Novice: 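The structure's right below; bear with me while I get my questions together.
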Amino acid sequence: MQKGTDKRQSSETYRIGIKGLVQGVGFRPFVFRMATEYGLNGWVENRNDGVLVQVSGSHRQVDNFREGLLTRAPAAASIELFETEKIPFEFYDSFEIRESRNLSESITEISPDIAVCRECLHDLKSQPHRISYPLINCTHCGPRFSIIRDLPYDRVHTTMADFELCPSCASEYKDLYDRRFHAQPVACNHCGPVYRLEWGDRVTEDIQEILASCAKLLSGNALLAIKGTGGFHLVCDAFNERGVEKLRKMKERDGKPFALMFRSLEEARSYVEIGKAEETLLSSWKRPIVLLRKKRGLFPGIADGLATLGVMLPYMPFHHLLFEKLKTPALVMTSGNFSEEPILTSNEKVRERFGPFVDAIITYNREIYNRVDDSVITVAGGKTMVLRRARGYAPSPLRTGIDLEGILGCGAELSASFCLGKGHLAFLSPYIGDLKNLETLEFYQETYERYCRLFRFTPQLIVSDLHPDYLSTRFAWKLAKENPDIAHIPVQHHHAHVASTMLEAGIEGEVLGFSLDGMGLGTDGHIWGAEVMRADYCDFERLFHFEYMPLPGGDKATREPWRMGLSYLYQSFGEELYDLNIPLTQRFSRQEMSGIIALIQKRINTPMVSSAGRLFDAVAAITGLNYFASYQAEAPMLLESAIDFQETGCYDFEITAGKVSFTPLIRQLVEDIYQGISTGVMAAKFHYSLVQLICGLAMEIREESGLDRVVLGGGSFQNSFLTEKVVHKLENEKFKVYLPGRIPVNDQGISAGQLAIGAHRRKRM
Ligand SMILES: [Zn+2]
Ligand SMILES: [Zn+2]
C-alpha cells in the first residue's frame, strides 16, 4: 500500500497529440516500442489527423519518451505538430495499441510511396522466405499511395487485397515487435505478387532468370520496359549509344532529357556534382530525380546541350537486385510514355503500345492503382525546389493557415494539377502532364474522382484559370454546370502564381509579385507572361510588364523559337534585319523570314504576348542556340546551360509607362555577335540583365509603396541561375524574398494559388 502510493505520487499522466504524416509509416508500433523502452504505460491510437498518445510515468521518463518520439521516428514519418498536455492522473497497467476510431468521414493522411529501407535490403539476403524477393517491404517502406483504393489504409483497400498472407507473413503482421506489424503490403516469395519477364516468346516468373536476362539484354543494346512503383519506365544502359538511340527513336519528336538511375551515390559522384543538400535529397526515402551539374562524360542523346543531368538512386528492391547483376554504373530510367501522354501503368497497355519498340517487358502482377511519376527537384542557391511533385511527395498535403474547406483549384494547362482544400490542408494532385489530349484529360478526371473519394471531398467552390480553352477550365465549367449551386471563380494565371507562393510561405496582406513564365491569359485579353504586380490574395494591380510582342504563328511560335527571334529582331531593326550577318539570319532563307515578318505586319495568327519565356526563346534563337524546340522550355534551358560564370556584365533595357522594352538589349546582343563575343558571355549578360531589371523595379516600387516583401512565381524561376542571383541581390537590398519550395514554382503550382484566392474571395461573397 505504502509503496503503491509512492509510485502514484511520482507518476503523472500526459496526453501527446502528434500531427503530420504519422499513419501508414509504422508510427504506432514505434510509439509502442518507445513506451516499452522507457517503462511507460498507457495507449496510442490513430485519430482523424494524427496520432494520440496517453502515458503515465515520472516526469523524467515522459521527457525521455517525448525526446525519443521526436528524434527516432521512422524515416517516412513527418511530425508537423507535437503537443503535450498534462492531464489528471490515470492508472494503466500496460501499454496498448488501440483500435483505430472510425475515421471514414475525416481526413487521414496517406503516406506517399517509400523507397525500400536498409533493413529490407538486408532481409533480401537473409530471410529464408524473402531471399531475392523483389517486392519486399515493411512498415517503414514500400508502396503506399500507388496501391491505395480507399481509406482506412488496410490491406483490403489496396491492390494487395487479392494476395492472401502465408502463415509466416501473417504471424509477422500480427507481431507487435516485428518490423512488419500491420505492414499492409507485406508479402514474401510464398504468398506475394511476382515479377514476370516477357522477351519474345520467352516468358518466366523466376526472379533469378529475370535478373540474368535483364543483365544480358542491358549489356547489349536493349531497350526494356520495366514496371516501377507508380508507372512503367523505359530503360537502357546510359552508356550504350545504340540503346539510347532506340529510345530517342521511340520517343520521336520528344527531345526531353532522360533521367538516369545510378547504382550508388559514390558512382554518381564521378559524373555529376553533388552538394550536401543534393546528397540528402538523393538518398532520402522519397528518392526523387535531382538535377545535378554534369562533371564529365557526355552521355550523348541523354541531355544534349544541358549543363545538368536528372539523377536518382535505386528505390525499388528490384532496382537493387538488378544493379547487382549489371556492370554499368547507370541506367536511363525515363517515364514510360509517348510525348504528352501520361506514364503507362497497365501491363496490357504496355504490351500493346511499347511492344513493337522494346526488346522485353518486365512487369509484376500487383496493380498500380494511383499513377504517380517520378518527382523532380532542383537546389537553387541552397534552396530546394520541387519542380515535378509526384512519387514520394503526393498525396501529402500542405498545412496552411487558411480555411480552404471545400475549395477545388482546377489548375492550368501545362504541368496540369488540381488542388483540394480540406480544412486548412491543401491536397495538391500529383503531376498530371500537359492537358492537351484525351489521355491526359482522362488521367486528370480519374485522379480527381479518386482524390474526392480518398479524401472525402465535395466541392463547394470551384476555381479555374481565366483561359476558356484550357481543358481544366472546361472541366470546371462542366462541374459547375452539373452543380448549379456551386460558385465558379475564374482567376488570372499570374495572380495565381503569386498567391501560390504566398500560400506556401504563409504570408498575408499586400506583396510585390514577380510572375515570370511562358504564357497565361491576361485580364485585357492579351497573353501575359512577365508581370510585376502589387497583390494580395483577393486582387492584384499590374504595375509593370514586358512590352507586348507579336507571336507570329501563335502556338507554333512556342515550338519554334526562331519565330520569336525574328519578332524581336524586326522590332529592333525593321527591314534591316535581312542584312544582318548573324547565325539566325544565315540559317533561314530570306523567303522563310519574310513569311514570318508578313504574319507580324498583317497580324495574321499573331497574338500579342508579354512573355518572359518567349524572350528567352528569342535570345536563344538570336545567339544560335535553338531554332526549333523539341520539348517545352528547351530554348531557355539551353540558354541557362550556356552561361559563362566568369561574366557578370549586362545589357540595357528601357522602361516607359510601365512597359519594359528590350530593343536596346537586342541591339547590343547583335553587336556582341558581330564582335565575336562567345555565346556563354552573351547568355550570362542576358541573365544578369533580368536580375538587374527585377531588382531595379522592386526598389522603385518599394520607394513609392513601402512594399518590401517580394514574391516570386512562374516557370522562369525554375532557372536556378536566374533565381539564385535574383534572390541574392534582393536580399542584399534588404527585401524579404519568397519562393515556393514544396509547391512547384511552375504551372503545377497554379491550382494551389487558385485555392488560396478562392478562399479569400469567398469571404467577400
Ligand atoms: Zn523495409
Ligand atoms: Zn508470405
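All ligand and atom numbering here is 1-based and tracks the order in the structure. Quantities reported herein were computed from a predicted structural model and do not represent experimental measurements.
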Novice: Tell me, which protein N/O/S atoms are under 2.8 Å away from the Zn ion (ligand 1)?
Specialist: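 Sorted hits: C117 SG, C120 SG, C138 SG, C141 SG.
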Novice: Determine whether the aromatic ring centres of F418 and Y444 lie less than 6.0 Å apart.
Specialist: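 Yes - the distance between ring centres of F418 and Y444 falls below the 6.0 Å cut-off.
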Novice: Could you tell me which non-hydrogen atom of P74 sits nearest to which non-hydrogen atom of F27, and how far apart they are?
Specialist: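 It is CD-CD1, 4.0 Å.
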Novice: Is it true that F318 and Y195 have ring centroids separated by less than 6.0 Å?
Specialist: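 Ring-ring flag for F318/Y195: true, centres closer than 6.0 Å.
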Novice: With sequence neighbours excluded, what pairs up with F181 under the side chain to side chain contact (heavy atoms under 4.5 Å, CB included) test?
Specialist: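 Applying side chain to side chain contact (heavy atoms under 4.5 Å, CB included) to F181 gives P29, I97, L176.
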Novice: Is the gap between the ring centers of F32 and Y177 under 6.0 Å?
Specialist: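 Judged by ring-centre distance (under 6.0 Å), F32 and Y177 do meet the cut-off.
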Novice: Aromatic ring centroids of Y271 and F239 under 6.0 Å?
Specialist: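 Here the rings of F239 and Y271 have centres that are less than 6.0 Å from each other.
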Novice: Under 4.0 Å between a Lys/Arg side-chain N and an Asp/Glu carboxylate O for R269 and E279?
Specialist: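 A salt bridge links R269 with E279.
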Novice: Around the Zn ion (ligand 2), how many protein N, O or S atoms are found at less than 2.8 Å?
Specialist: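 Step by step: take the Zn ion (ligand 2), keep protein N, O, S below 2.8 Å, and you get 4.
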Novice: Quick one: list whatever passes ring-ring contact (aromatic ring centres under 6.0 Å, His included) with Y133, sequence neighbours left out.
Specialist: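 Y133 satisfies ring-ring contact (aromatic ring centres under 6.0 Å, His included) with no other residue.
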Novice: With a 4.0 Å cut-off, would you call R456 and D150 a salt bridge?
Specialist: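 Judged by the 4.0 Å cut-off on N to carboxylate O distance, R456 and D150 do form a salt bridge.
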